[in-house]
Amino acid sequence: MVSTLAFDLGASSGRAVLGRYDGTKLTITEMHRFPNDPVRIHQHMYWDVLRLLHEIKQGLIATRLQGQRDIQSIGIDTWGVDFGLLGMHGELLSNPYHYRDDHTLGIKAEVCRLISQEELFTRTGIQFLQFNTIFQLYALKKAASPLLDRAENLLMMPELLRYFLTGERLSEWSIVSTTQLGSPYTRTWDRELITKLNLPAHLFLEPMAPGTRAGTLLPALCTEVGMEAIPVIAVAEHDTASAVAAVPALEEDFAYMSCGTWSLLGTEISEPIINAQALQENVTNEGGVNGTIRLLKNVTGLWLIQECRRAWKNAGRQLPYTQEIQLIEQAQPFRSFIDPDHPMFVNPLDMPGQIQYYCRQTGQPVPTNEGEILRCIVESLALRYSFVLESIEKLVHKRFTRLHIVGGGAQHSALCQFTANALARPVWAGPREATAIGNVLVQYIALGKMQDLRQARRVVHDSFPIVEYEPVNTDSWEQACEKCYRITRRYTALY
């Protein structure tokens with residue numbers, strides 16, 4: 001039995017997960033779980049990165065205390081785009097900005113005056129999002145931040161946490177590919193693009209491929225947590241790349257959605273698709289395992305529900321998951337729709353109120369209670385997924401027979417069923433902990449315990465349950481799709 005340890009950090013929580021592989025079946029066990037809450041200081045939002053390091057240490061200690069000492073390797077994955085800057089002595093110069101911070105507002109337009117959208121997409125193949133690393137860095141430059149002058153290296157969030165563990169400053173391609181500063185053709189930084197933006201070239205370390213050994217735990221850290229000098233693998237350190245590695249698809253051509261705070265919907269291809277249609281659809285070509293490309297689109301996901309839950313909790317109302325599903329099922333269908341990706345939903349102080357405002361502005365019935373708001377969200381997400389999948393299929397000239405949903409959204413039965421209905425094809429949901437599973441899979445491939453990605457996916461298929469959702473009421477959903485499209489397109493045109 002070979003044991004590995006995955007640290008999987010999402011936008012709302014993190015966990016230490018033990019993987020155990022006997023040559024046939026893979027099991028995972030959660031060793032430690034912790035919240036990952038952003039911190040607001042005055043007008044800005046930051047990640048509490050030192051708290052995250054503390055929790056990783058607690059995960060190592062918890063693993064030891066639960067009798068798991070024979071760990072062959074460790075890997076870390078996190079969300080994309082955010083980074084830390086290190087000074088000349090290796091010190092962290094500032095708390096990393098949270099991608100939902102508004103210091104990048106308006107920056108995309110300024111960058112695109114220097115480098116056109118067409119050229120930027122041709123060079124990077126990355127979806128335009130206001131919080132991309134390229135815009136965060138240019139925002140620092142525009143503000144004349146002293147950080148860029150003092151910084152020696154830039155490390156993306158998983159690289160930064162790995163550096164804290166090993167002392168090694170090393171970069172990894174899957175997470176670098178999220179920055180909109182890399183080339184999907186050469187799988188490294190686009191140095192010419194960096195020069196055009198007048199960013200300090202020395203910040204950017206040449207990235208390794210996923211699955212490369214990247215040091216061992218530092219001696220002082222080993223003493224602190226009571227563990228041996230365990231090797232650390234640079235896994236597919238972008239959490240979506242890890243999640244896609246764990247999609248239990250037996251066929252070569254498949255569609256997936258990694259669904260959590262964000263929903264990442266797409267397919268896996270061997271070469272990037274970068275053309276006028278891809279730019280118009282605003283899709284992304286990010287790095288995957290074994291030289292693959294993740295052709296996908298970022299869609300707002302469970303963030304909408306998470307923020308509603310937070311608002312209701314602050315008002316003294318907590319909804320257990322079972323009650324949430326009941327309220328969705330009892331609410332009137334197809335009453336109101338939103339565009340989940342509208343900028344007004346990026347970071348509102350009151351998400352339920354913002355949804356009500358959107359419906360009021362578009363002349364729709366305004367949802368008045370939790371069930372109506374939740375139904376509005378889940379139906380709108382399902383319909384949005386159908387739009388996005390259709391655009392992906394047009395780009396690859398294929399029609400997929402089903403959609404694999406992995407991640408936390410795989411356990412949301414209403415979301416999975418509504419998605420199957422909207423797509424008019426089956427949804428296969430699971431595994432829930434795909435990012436952690438993908439993390440350990442890459443470790444096993446790096447250790448030589450699994451041959452390749454195809455074998456790893458077969459192991460996932462044989463080791464974890466998959467729930468199948470068959471589409472129902474597809475005619476009604478097709479009509480709802482047309483109605484939703486008219487409403488959301490009109491609102492986008494007006495505002």
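All residue numbers in this chain count up from 1 along the given sequence.
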Partner of H32 under side chain to side chain donor-acceptor pair (under 3.5 Å), picked from Q58, R15, E55, is E55
### Query
Does a donor on one side chain sit under 3.5 Å from an acceptor on the other, for N132 and Q127?
no
With sequence neighbours left out, the residues meeting salt bridge (charged side-chain N to carboxylate O under 4.0 Å, His left out) with D253 are K398
For I41, I'd like to know if atom CD1 has over 12 heavy atoms of other residues, nucleotides or ligands within 6.0 Å.
yes
Heavy atoms of P210 and V442 approach each other most closely as C-CG1, 4.3 Å
Between Y485 and F337 (judged by ring centroids, cut-off 6.0 Å), do the two rings come close enough to count as a pair? no
Taken in chain and number order and not counting sequence neighbours, the residues that satisfy salt bridge (charged side-chain N to carboxylate O under 4.0 Å, His left out) with E224 are K57
Taking every heavy atom of Y185 against every heavy atom of P272, the minimum-distance pair comes out as CE2-CG, 3.7 Å
Centroid separation under 6.0 Å, is that true for the rings of W303 and Y99? no
#### Entry: Residues, nucleotides or ligands: over 12 heavy atoms within 6.0 Å of R454 CZ
no
Quiz prompt | Check ion pair R169-E152 (N to O, under 4.0 angstrom) | solution = no
- Query: If you count the non-hydrogen atoms of other residues, nucleotides and ligands that lie under 6.0 Å from CD in E206, is the total more than 12?
  - Reply: yes
Which of T240, T78, D8 passes side chain to side chain donor-acceptor pair (under 3.5 Å) with T435? Answer is D8
### Message
Ignoring hydrogens and geometry beyond distance, is a side-chain donor-acceptor pair present between S174 and E286 at under 3.5 Å?
### Response
no
key: Pair S171, E159: side-chain N/O donor-acceptor within cut-off below 3.5 Å   = yes
Legend entry - Residues, nucleotides or ligands: over 12 heavy atoms within 6.0 Å of E228 CD: no
Practice task
Evaluate the criterion side chain to side chain contact (heavy atoms under 4.5 Å, CB included) for residue pair C376 and I338; output intermediate values, then yes/no.
Solution key: CA-CA 7 Å; C376 172; I338 60 171; 3.8 Å; yes
Checking L93, L203, L160 against L86 for side chain to side chain contact (heavy atoms under 4.5 Å, CB included), the one that qualifies is L160
Do NZ/NE/NH1/NH2 and the carboxylate oxygens of R33 and E433 come within less than 4.0 Å?
yes
Test side chain to side chain contact (heavy atoms under 4.5 Å, CB included), reference L296, set T267, V388, V283, T284, output is T284
Heavy-atom nearest pair, N275 first then F121, reads O-CE2, 3.8 Å
- Check ion pair K196-E119 (N to O, under 4.0 angstrom): yes
* Asked: Do other residues, nucleotides or ligands put more than 12 heavy atoms under 6.0 Å from the CD atom of E91?
  -> yes
Fill in: Check: N439/Q443 side-chain N/O donor and acceptor closer than 3.5 Å
yes
Point to revise | Pair F254 + F400: ring centers closer than 6.0 Å | key: no
Residues passing the salt bridge (charged side-chain N to carboxylate O under 4.0 Å, His left out) test with E281, sequence neighbours excluded, are none
Quick one: does NZ or CZ of K449 land under 6.0 Å from the six-membered ring centre of Y21, within 45 degrees of the ring axis?
no
Where do L217 and I74 land on the side chain to side chain contact (heavy atoms under 4.5 Å, CB included) test, with the steps shown first? CA-CA 9 Å; L217 295 184; I74 292 170; 3.9 Å; yes
Note to self: Does I355 form a side chain to side chain contact (heavy atoms under 4.5 Å, CB included) with C308? I'd like the steps, not just the answer.
What the structure shows: CA-CA 10 Å; I355 290 170; C308 284; 4.0 Å; yes
message: Can you confirm if the aromatic rings of W79 and W47 lie within a centre distance of less than 6.0 Å?
response: yes
Does CD in E251 sit with more than 12 non-hydrogen atoms of other residues, nucleotides or ligands closer than 6.0 Å? yes
